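Worth saying up front: this structure is predicted, and the values here are computed from it rather than measured.
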Amino acid sequence: IFFARAEVFAAKNRLDLGVAGAGAGGCAAAIQAGRAGLDVALIETSDFVGGQITGAAVATMDDLGLTRTGIYGEFIGRVRSRYSELGTATNICLWGSDTIATEPSVARDILTDMLASSGVEIFLGTSIISAIMDGVRIVGLEAAEREGENTVFEADVFVDATEHGDLLPLVRARYRVGSSISPHVDPETNVQDITYVAVVKKYPGGLPEELKMPCPPPGYERYAERFRSVVTSSGDRWPGKYPFDIPSHNAYRALPDPDNDRLIVGDDPDTWEFITKTCVNWANDFPGARGNRPGLSVRYIEDPEYRRMMERAAMNKTLSFIWYMQSELGMADWSVDDAQGYGGYFSNDWETARDPLLPPEFAPILRHFPPFPYVREGRRVVGIETLTQSDISRDVRRGRAWKNYPTGLALGEYPVDVHGSHLDRYMERDLGESSESFPRTWEGRQGVFQVPFGTFIPETVDGLLAVEKNISVSRLVNGAVRLQPIAMHTGQAAGAIATVAVREGRAAPRYVNVLSVQLELMESGCWIALDASADVERDGPYWSAVQLASLREMLPKISRRQFGVTLPIRTGELARAFEAALPGERIDMPGFGEDGYISKREFFSALGASLGWRPDELLTLSGICASDLDLSLTRGDAALALSRCLSMRRETLEGTSQGLP
């Protein structure tokens, strides 16, 4: 439903920022903007904040250890602190000794606390039903409360952080879904599989009667062969060959259990037998066909009733796996965890749908299922910039992408990982991708890649930002940006874009100064440059400056892990750095461009004279002690000076998808 003018409704909620969807990305966007002083509303259909981490129960972080900064870094730090107080380890997944896992209920509590302390107003049980447009700009959303009146939210900026990209068709933004582009959506093209994850645990005192599977669910034999090919009681220990044994299955998505005092370490297979809580998230992808067969069609995204039907079928598959656990695997004392706070809301309406796949005798178990499935791929906005697989291709030796974006706002580290069909006809030929582009092996530790500014911005619609799985990327890149860490990072980036847009009074986020957004993120503890530097401390003076030097390719590192902040810089390198930072600006100083060194006093005196700034002003703003003026200028000093020059020139730098001068 569209309204040509904003005056149609008198708003109940006038905001700076409205965030639709309280998933990992939506929470991060709201927290970032709330902490910056914006009035923020977070609008969520379900009764859970946290999205895939909590409401979909994918509560083991798909984290390879390279992007633990910003709000995501704070979140996992709080997870570790919470379990440390309970004497329970969080590094219990089989991927290694440095993994992070949390119970969904604990993650929900932590995120709720972070939102509340940031001043964010949360509207749970509230579904978006229409957009209010003023020309091509979104100015409001009408939402229906599950129990109550409709509510109108007006805001300067909105964020689509929904699991399926549900705002995009409401505002008439072009979007990609599968391999087609709206409005010409092909209903038979495919998206990635969904998975109805279940949290299961061992009941050492005996399984409650109501949590025992009474019989095989309808259609069990359809899935049994697949289950037996993944895990059996006599299978191999990871990293052997399929099928794997029960401890390997339990370690794959193991969760902390505060009632379990046994030592469990993710990279110690001898401890996996002590795991007492995990997630069913391995053999139960739905529909679960091989990648060379047709899979889940985009009707799952586009048709709400078909979506609910597919989710109930996915629920049945997971229910079937629990029967497999209790019967064939001999895990008779395992069933759904009844302490995660589930049961109040379900996206598929299974309780009233009378679906023959979910007969009433299974209701006591189904009520402890998560409220919605893990959705890997939804609608992706057509932005002013679109990331393709070649854009995130990485130089494994250097641990980073080949391509650097001066407008980068977030880092990802996951490889391309598409669950389900990746036949050639489901690839995006218009983006230069085909079945030949799909990686033949899963290589985890490739390094980091960037998500640039233009991927958040719809090509024509104003007032809207996309995050989560909804940013402007190809299907293959979606397989690398759908995970919890990068969802939080893109969410925080959107929160920073919105903050700068509101602060600068921009009519549309596309016109914000990208440098201002980058500084906002770096001041919030984010590392957004491709090159990490072990000699740069988060709370130290060089944190932002070294990142800008990397983003603008002004000063290279001296080694893979070191920037060399304390080393003297040669004037030749200094001259090249200033030419990269301020092209066309003339810097007159002794020996500039030669192969010598320069003192801090000479440098700041000459720089001030050349650019018309007082030397003492630059000195103060750069944080360099006056007592050190006769020492050689260091690489860290140079980065600080370059950063300050860029910052003082930021009003002349335009934030566009073409990059910054």
Side-chain angles (χ1 to χ4, degrees), residues 52 55-59 104 163 190-201 211-232 235 242-244 246 249-250 252-253 278-291 293-297 299-301 305-329 331 334-337 340 342 346-351 353-377 418-421:
Q52 61 180 290
V58 189
E163 296 295 311
N190 279 195
V191 292
Q192 290 193 58
D193 287 354
I194 60 174
T195 303
Y196 218 111
V197 182
V199 180
V200 293
K201 72 176 182 180
L211 299 185
K212 294 178 181 177
M213 294 286 291
C215 58
Y220 169 73
E221 287 302 326
R222 183 182 354 173
Y223 303 123
E225 181 180 353
R226 169 62 177 163
F227 299 159
R228 293 171 191 137
S229 73
V230 174
V231 55
T232 64
Y242 284 99
F244 291 104
I246 295 169
H249 170 270
N250 291 347
Y252 175 67
R253 289 290 188 183
T278 191
C279 295
V280 176
N281 182 15
W282 195 344
N284 58 323
D285 284 3
F286 183 85
R290 298 294 186 267
R293 303 177 192 171
L296 189 65
S297 78
R299 284 181 292 172
Y300 171 74
I301 304 297
E305 183 49 45
Y306 186 80
R307 183 189 300 179
R308 286 188 285 269
M309 184 172 67
M310 291 298 98
E311 290 181 0
R312 292 194 294 269
M315 211 177 202
N316 167 264
K317 188 172 185 178
T318 300
L319 194 66
S320 295
F321 189 85
I322 295 174
W323 168 260
Y324 179 70
M325 290 173 61
Q326 291 186 1
S327 58
E328 294 197 33
L329 293 183
M331 301 171 70
W334 283 75
S335 190
V336 287
D337 184 357
Q340 291 306 313
Y342 297 143
F346 292 95
S347 62
N348 59 28
D349 299 328
W350 69 266
E351 291 181 289
R354 301 185 184 280
D355 194 312
L357 290 175
L358 304 172
E361 56 264 35
F362 295 101
I365 294 173
L366 291 171
R367 290 195 184 103
H368 299 295
F369 271 45
F372 46 82
Y374 177 25
V375 177
R376 294 181 175 88
E377 182 182 348
V418 175
H419 285 232
S421 56

Which atom names give the shortest non-hydrogen contact between Y342 and A57, and what distance separates them?
OH-CB, 3.6 Å
Out of W350, Y306, Y300, which residue meets the side-chain hydrogen bond (donor to acceptor under 3.5 Å, both in side chains) rule with E311?
Y300
Ignoring hydrogens and geometry, is there a side-chain-to-backbone donor-acceptor pair from D337 to K201 under 3.5 Å?
no
What pair of heavy atoms forms the shortest contact from G295 to P287, and how long is it?
C-CG, 4.0 Å
With a 3.5 Å cut-off and no angle check, do the side chains of N250 and T278 form a donor-acceptor pair?
no
Determine whether K317 and Y196 make a side-chain contact, defined as any pair of heavy atoms from C-beta on separated by less than 4.5 Å.
no
Taking every heavy atom of P370 against every heavy atom of A198, the minimum-distance pair comes out as CD-CA, 4.2 Å
Measuring from atom OG1 of T318 to atom CD1 of I365, what distance do you get when rounded to the nearest 0.5 angstrom?
12.5 Å
Find out whether I301 and V191 are in side-chain contact, i.e. whether some heavy atom of one side chain is under 4.5 Å from a heavy atom of the other.
yes
Spacing of R308 atom CZ and S347 atom OG [to the nearest 0.5 Å]:
9.0 Å
Do side-chain atoms of S229 reach the backbone of R226 as a donor and acceptor pair under 3.5 angstrom?
yes
Side-chain contact, heavy-atom cut-off 4.5 Å: I322 with F369?
yes
Between Y220 and F227, is there a side-chain heavy-atom distance shorter than 4.5 Å?
yes
What I'd like to find out is whether the side chain of F286 reaches to under 4.5 Å of the side chain of Y223, using heavy atoms alone.
yes
Side-chain heavy atoms of R228 within contact of P243, under 4.5 Å
no
Test side chain to side chain contact (heavy atoms under 4.5 Å, CB included) on R293 and S421 and set out the steps.
CA-CA 6 Å; R293 303 177 192 171; S421 56; over 6 Å; no
With side chain to side chain contact (heavy atoms under 4.5 Å, CB included) as the test, would you mind laying out the steps for V336 and V199 before giving the verdict?
CA-CA 6 Å; V336 287; V199 180; over 6 Å; no
For N281 and V197, the nearest pair of non-hydrogen atoms, with its separation, is CG-CG2, 3.9 Å
Looking just at side-chain N and O atoms, do R222 and S320 make a donor-acceptor pair shorter than 3.5 Å?
no
Is the shortest distance from a Lys or Arg side-chain nitrogen in D285 or R376 to a carboxylate oxygen in the other one below 4.0 Å?
yes
Closest non-hydrogen atom pair, P218 against L357:
CD-O, 3.7 Å
Between atom CG of L358 and atom CD of E351, what is the distance when rounded to the nearest 0.5 Å?
10.5 Å
Within the 6.0 Å centroid threshold, strictly below: F321 and H249
yes
Shortest non-hydrogen separation from M213 to W323 and the atoms involved:
CB-CE3, 3.5 Å
Residue E225 excluded, over 12 heavy atoms near CD under 6.0 Å
no
To the nearest 0.5 Å, what is the distance between CD1 (I246) and CH2 (W334)?
9.5 Å
Rounded distance [0.5 Å steps], CD in E361 versus CG in L366:
10.0 Å
Sub-4.5 Å side-chain heavy-atom contact between N190 and L296:
no
Mind checking whether T195 and W282 have side chains closer than 4.5 Å, heavy atoms only?
no
Without swapping roles, check the side chain of N316 against the backbone of R312 for a donor-acceptor pair under 3.5 Å.
no
Is a side-chain N or O of E377 found less than 3.5 angstrom from the main chain of Q192, in a donor-acceptor match?
yes
Can R307 and E163 be counted as an ion pair, charged N to O under 4.0 angstrom?
no
